[in-house]
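Since the structure comes first, as C-alpha cells, the remarks are kept for the end.
Numbering of ligands and ligand atoms starts at 1, following listing order.
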Amino acid sequence: MKFFVDTANVKAIKEIDELGLCDGVTTNPSLAAKEGKGFKQNVQEICAAVPGVPVSAEVVALDAEGMIKEAREVSSWAANVVVKVPMIPEGVKAMRVMHAEGIKTNCTLIFSAVQALLACKAGATYISPFIGRLDDLGVLGMELIEECRTIIDNYGFESEIITASVRHPLHVAQAALVGADIATIPPGAIKKLFSHPLTDRGMDAFMKDWEKAGLKIFE
Ligand code: E4P
C-alpha cells in the first residue's frame, strides 16, 4: 500500500520523504489555507520537493466549466499535479472532460459506494473515500473502503482507492488489510506508526546491557 502525506506543509512532507514514506501528497483547501502563502507557490514548492510523486491540488469552482478551466491552470503548474475534484454532479461532468484531456484527477469527499461508482465511471485516476469523518458519525468508514475495492475489482475500473480522512494507526492497518491502494495520512499519524511501548522497552534494555558489558563494534 502506498503512503500519501495529507498536508500542504513542505517541511513536513520533506521529513516524511526522508523516511522513504512519501509516495504522494494530498492537499485540500483547508490544509492550503493554513500555510499562509499563495496556493500556486505552495503547490509548486510541494511538487518541486517531491518531483516523482503525485500531488493533489483541489479546484474550487462549483460549475463544470469553471472546474475545467481551473484544472487546466493547476495542472500546468508542475508535471506531477493531480487535480482534486469534489463528488458533486458538476464535478463528475468536469472529470469526464479532464480524463479525455489526460489530466489526472482525484475525486474527493466520497462517502458512499454509489458515489465511488460514479467517480470510477467518470474516469477518476484516484477516488478518496473519507473514513474518519464517517467514523465520527458512528458509521464504520472502513466498510466503505471494502465496498470500493469490490466495485473496482468487479468491473476492472482503473481508479485507485485513496483511504482518506485517516486519523490513527488502526485506520492504516485496516486499509492495508482490506486492500486499499493508498492511505493518505497526516504527518503526525505517520510518525505514530513507528511507536510501540515494547520496542521502547526492548531498546532500553539492549542499550543498558551492552553498555554494562563494555562491548564495542569498532575495537
Ligand atoms: C484527503 O484528501 C483529505 O484531504 C483528508 O484526508 C481529509 O481528512 P480530515 O477528515 O481529517 O479533514
Fill in: Identity and distance of the protein heavy atom lying nearest atom 11 (O) of ligand 1
R167 NE, 3.3 Å
Discussion item. To check you understand the geometry: which heavy-atom pair defines the closest contact between K84 and N28, and what is its length?
Written reply: NZ-CB, 3.9 Å
Fill in: Heavy-atom proximity to atom 8 (O) of ligand 1, best of S56, S165, A164, P186
S165
Under 3.5 Å, which donor-acceptor pairs link side chains of residues 103-120 to any protein atom two or more places apart or in another chain?
unit_1	atom_1	unit_2	atom_2	d
T105	OG1	T125	N	3.3
N106	OD1	S128	OG	2.7
N106	ND2	S56	OG	3.1
S112	OG	Q115	N	3.2
Q115	OE1	F111	N	2.7
Q115	OE1	S112	N	3.3

Fill in: Heavy atom of the protein closest to atom 5 (C) of ligand 1 (residue, atom name, distance)
D6 OD2, 2.9 Å
Worksheet, complete the sentence: Ranked by distance from atom 7 (C) of ligand 1, the top protein heavy atom is F130 CE2, 3.6 Å
Discussion item. I need the minimum non-hydrogen distance between F3 and L21, along with the two atoms involved.
Written reply: CB-O, 3.2 Å
Practice prompt. Report yes if some heavy atom in the side chain of I182 is under 4.5 Å from a heavy atom in the side chain of T163; otherwise report no.
Written response: no
Worksheet item: According to the ring pair (Phe, Tyr, Trp, His ring centres under 6.0 Å) rule, which pairs have a member within residues 199-219, sequence neighbours left out?
Response: none
Worksheet, complete the sentence: Taken to the nearest 0.5 Å, the spacing of E58 CD from T27 OG1 works out to 7.5 Å
Practice prompt. Using a strict cut-off of 4.0 Å, indicate which atoms of ligand 1 neighbour a heavy atom of N28.
Written response: 3 (C), 4 (O)
Practice prompt. Distance to 0.1 Å, residue and atom name: give those for the protein heavy atom nearest to atom 12 (O) of ligand 1.
Written response: R133 NH2, 2.8 Å
Practice prompt. Starting from atom 2 (O) of ligand 1, find the nearest protein heavy-atom neighbour and note its residue, name and distance.
Written response: K84 NZ, 2.6 Å
